[in-house]
*Asks:* 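Take a look at this one; I'll ask things after.
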Amino acid sequence: MSDKALDNIRFPHSHLLGTEGLTPDVISLLLDRSESYVEQNRQADKKKSVLHGRTIINLFFEDSTRTRTSFELAGKRLGGDVLNMSVATSSVKKGETLIDTAMTLNAMHPDVLVVRHNDSGAVKLLSEKVNCAVINAGDGRHEHPTQALLDALTIRRRKNTLEGLVVAICGDILHSRVARSNIYLLNTMGAHIRLVAPKTLLPAAIEKFGVEVHHNMSDGIRDADIIMMLRLQTERMQGTYVPSTREYFRFFGLDRNKLAVAKPDALIMHPGPMNRGIEIDSELADDIHRSVIHEQVEMGVAVRMACLDLITRSLSRNTNGDTA
Amino acid sequence: MNVPADQTTAYVNARLLDPASGMDETGAVLIEGNKILAVGPRLFPEGPPQHIRVVDCRGLCLAPGLIDMRVHLPEPGGEHKETFDSASAAAAAGGVTSMICLPDADPAIDNEAVLEFIARRARETNIVKIYAYGAITRGRDGGELTEFGILSQAGALAFTDADRAIADTLVMRRALAYAATFDLLIVQHPEEPRLSHNGQMNEGEMSTRLGLAGIPAAAEVMMIERDLRLVELTGARYHVAHVTTAMAIETIKAAKARGLPVTCDTAPHYFTLTDAATAEYRTFAKVSPPLRGEDDRKAVIEGIRDGTIDVIASDHRPQDQDSKRLPFVQAEPGIVGLETLLPLTLALNRDEGISLLDLLKRMTSAPGDLLRMKEGRLAAGLPADLVIFDPDHEWTVDAASLKSKSKNTPFDTFPMQGMAMCTIVGGRHVHSLID
């Protein structure tokens with residue numbers, strides 16, 4: 001789609017809460033729009049005024065420097081007024097409920113709330129109570145749509161397509177919203193997904209999500225095009241799911257030996273932050289010929305710019321009376 | 001006579017019993033080095049070749065060497081009770097060629113270093129084969145899982161916390177799911193710990209008479225029922241250790257009928273004795289799980305007869321004088337069993353009419369297959385681990401002359417029928433009364 005066409009198309013959703021249910025057309029729209037922002041971000045002059053006059057509030061109930069910075073840059077590069085709020089500084093700590101916090105902010109007329117929360121479903125609840133657009137920056141173990149979009153963009157730019165690719169997602173699937181959002185999106189776009197994890201880190205009935213399940217990593221990544229490593233999320237675990245990081249790395253960590261059975265041009269991805277030596281060999285993570293981890297971060301800003309751009313199109317403009 | 005392993009030997013005139021193939025007929029076995037070359041009824045139609053060593057079995061039974069899949073070996077930490085050497089001598093005398101030792105010595109087998117220690121001691125002892133379980137949880141404390149993958153690569157055959165049941169349902173679920181990841185076997189000591197807390201013996205008339213806290217039969221089946229639901233959830237392979245009650249056997253039978261991957265074993269004292277043996281506070285009859293009532297004892301026999309009980313293992317648990325010569329409440333549980341495993345099991349042939357092949361299966365191919373071992377069968381190419389036994393030989397148990405370092409057996413002065421006359425491990429005679 002041409003840039004001009006992209007400039008004028010309407011986005012059919014008022015919120016971006018997940019990748020589940022997004023059609024291939026909408027996903028392609030988001031990815032296509034992101035492409036132009038990738039180019040923009042590489043210029044000396046990175047700024048546009050698409051979001052001039054818009055207020056974007058990053059409401060993060062859960063810690064995250066990486067994603068929040070990415071959204072902040074995205075908003076500012078589009079000329080918007082960006083405000084960051086994290087729980088530690090907000091009144092939620094004083095016992096205010098989620099909805100009260102949201103309603104308080106809502107009363108100040110933001111255009112977009114970018115929300116990250118510990119609890120699955122919290123962002124949806126919030127989106128039902130406010131008048132502005134809501135983008136889910138990650139809720140519990142449910143969804144993280146912008147991550148899946150940036151992953152898809154990274155893959156599409158390198159492999160020229162998503163359809164028919166074999167993508168192996170390895171690690172703590174049970175607790176991972178990144179895994180879930182990727183599964184929905186990649187399946188919609190026609191990729192073949194394999195999951196590699198010990199049984200203790202797989203969610204119930206996961207085979208019903210259109211994936212192949214493997215407990216043996218060699219089998220799981222054989223001839224794969226993309227290997228997506230997830231972090232072993234120690235802070236999310238209550239009790240033991242794996243006996244030790246040493247055992248985990250031996251059987252489920254990515255090193256050169258295991259990588260050898262994937263395609264010779266297979267790419268290694270990781271949403272970050274990495275645990276070097278636990279899920280991924282340190283040297284492999286830095287191998288510029290195989291790892292696209294830094295590219296993912298770059299794509300992240302562009303994707304979030306595209307999301308902010310498209311999501312605000314359905315919002316009405318009051319004073320300057322531009323596009324509806 | 002100790003014969004070097006690299007000789008070729010023919011064992012002739014033997015009643016060959018191989019449960020795996022169903023063979024029960026007169027024939028011979030040809031061994032070269034530590035492997036079986038050939039076995040069968042018509043090996044030497046013109047008599048054995050002149051240049052090799054020939055052992056005439058004179059019609060005695062010849063079976064695969066027994067595999068005892070439940071042995072407490074207190075080395076390291078409890079060498080005063082039993083060492084690898086004394087246990088191996090006891091095993092050899094009992095016809096046991098492979099022992100799988102529980103991870104409950106001190107330190108527990110919850111890391112590779114201890115496994116390697118056991119492997120080294122087994123090599124040094126060099127009498128019978130010694131294998132090991134890995135613990136399910138660190139320190140066997142029921143909390144964090146051990147490194148199943150690494151331990152199994154280092155040689156652990158299966159995983160168990162020995163005589164501690166995994167009480168926390170979530171930990172058991174994770175243990176089963178994690179074991180299923182590597183297709184490993186989990187062995188559970190089935191005893192609901194709160195119900196059996198402070199229990200000394202079976203809960204029943206005897207315990208009331210003696211004034212001792214009892215462990216109800218329900219404590220066993222409840223644990224198994226809980227675990228079977230988790231087995232269904234996780235698809236893991238699960239083995240119930242030393243089953244002792246009718247209720248538990250019935251539950252396992254139904255689970256097998258439903259296609260669940262469950263197996264179980266029992267020990268000879270559970271089909272030979274009842275809680276009556278604890279009369280007069282006899283601490284040699286104190287064991288965990290406890291000896292039960294007569295109905296349960298009969299149910300164990302029926303469980304063996306109808307195949308519900310897959311394996312018979314001794315649960316050999318040496319306790320020295322200091323651990324047993326105490327008031328019943330303070331005495332340690334345990335019965336030594338390596339040397340009485342065979343005759344007590346053979347008694348089921350004599351008294352209950354269960355076939356020799358059926359009984360031997362429980363101590364050879366069944367544990368061998370369950371633990372995915374090469375041993376346990378008579379076939380060309382397999383390890384030359386054999387037992388030549390006389391099913392009719394009558395003798396009396398004399399605790400003092402047991403090879404085991406500890407003498408805690410309730411069968412002292414009991415008449416036995418059946419004895420291992422020659423035990424062969426990797427082609428070597430480690431015990432012999434016939435040559």
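Here is the naming used below: chain letters follow the sequence lines, and residue numbers restart at 1 for every chain.
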*Asks:* More than 12 heavy atoms of other residues, nucleotides or ligands under 6.0 Å from NZ of A:K159: yes or no?
*Replies:* yes
*Asks:* Which pair of non-hydrogen atoms, one from A:T200 and one from B:A177, has the smallest distance, and what is that distance?
*Replies:*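 Here A:T200 and B:A177 meet closest at CG2-CB, 3.7 Å.
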*Asks:* Would you please say whether a donor-acceptor pair under 3.5 Å links the side chains of B:E147 and A:Y248?
*Replies:*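 Looking only at side-chain atoms, A:Y248 and B:E147 do not form any donor-acceptor pair under 3.5 Å.
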*Asks:* Under a 4.5 Å heavy-atom cutoff, which of B:D168, B:V171, B:T137, B:T146 has the most pairs with chain A?
*Replies:* B:T146
*Asks:* Kindly give the heavy-atom pair with the smallest separation between B:R138 and A:P243, and that separation in Å.
*Replies:* NH2-O, 2.5 Å
*Asks:* Can you tell me how far apart OG1 (B:T181) and CG (A:L202) are? Round to the nearest 0.5 Å.
*Replies:* 7.5 Å
*Asks:* Around atom CZ of A:R256, are there more than 12 heavy atoms of other residues, nucleotides or ligands at under 6.0 Å?
*Replies:*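 Yes, CZ of A:R256 has more than 12 neighbouring heavy atoms, counting only those of other groups under 6.0 Å.
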*Asks:* Rounded at 0.5 Å granularity, tell me how far CD in B:E112 sits from CZ in A:R246.
*Replies:* 4.5 Å
*Asks:* So B:F182 and A:H215, side chain to side chain contact (heavy atoms under 4.5 Å, CB included) or not? Walk me through it.
*Replies:* CA-CA 8 Å; B:F182 299 93; A:H215 302 309; over 6 Å; no
*Asks:* With no hydrogens and no angle check, is any side-chain donor or acceptor of A:K199 less than 3.5 Å from a backbone partner on B:T234?
*Replies:*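 It does hold such a pair.
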*Asks:* Where do B:I150 and A:F251 land on the side chain to side chain contact (heavy atoms under 4.5 Å, CB included) test, with the steps shown first?
*Replies:* CA-CA 9 Å; B:I150 290 175; A:F251 295 95; 4.0 Å; yes
*Asks:* Give a yes or no on whether B:D141 atom CG has more than 12 heavy-atom contacts from other residues, nucleotides or ligands under 6.0 Å away.
*Replies:* yes
*Asks:* Within a 6.0 Å radius of atom CZ on B:R173, are there more than 12 heavy atoms belonging to other residues, nucleotides or ligands?
*Replies:* no
*Asks:* Give the intermediate values and the outcome of side chain to side chain contact (heavy atoms under 4.5 Å, CB included) for residues A:E247 and B:Y178.
*Replies:* CA-CA 12 Å; A:E247 165 131 320; B:Y178 197 66; 2.7 Å; yes
*Asks:* So, do B:Q153 and A:R250 sit near enough that their side-chain heavy atoms are less than 4.5 Å apart?
*Replies:* yes
*Asks:* Hey, are the side chains of B:F148 and A:V242 touching, using non-hydrogen atoms and a 4.5 Å cut-off?
*Replies:*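 B:F148 vs A:V242: side chains apart.
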*Asks:* Around atom CZ of B:R258, are there more than 12 heavy atoms of other residues, nucleotides or ligands at under 6.0 Å?
*Replies:* yes
*Asks:* Check the surroundings of atom CD in B:E250: do more than 12 heavy atoms from other residues, nucleotides or ligands lie under 6.0 Å from it?
*Replies:*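 Counting other residues, nucleotides and ligands, CD of B:E250 stays at 12 neighbours or fewer.
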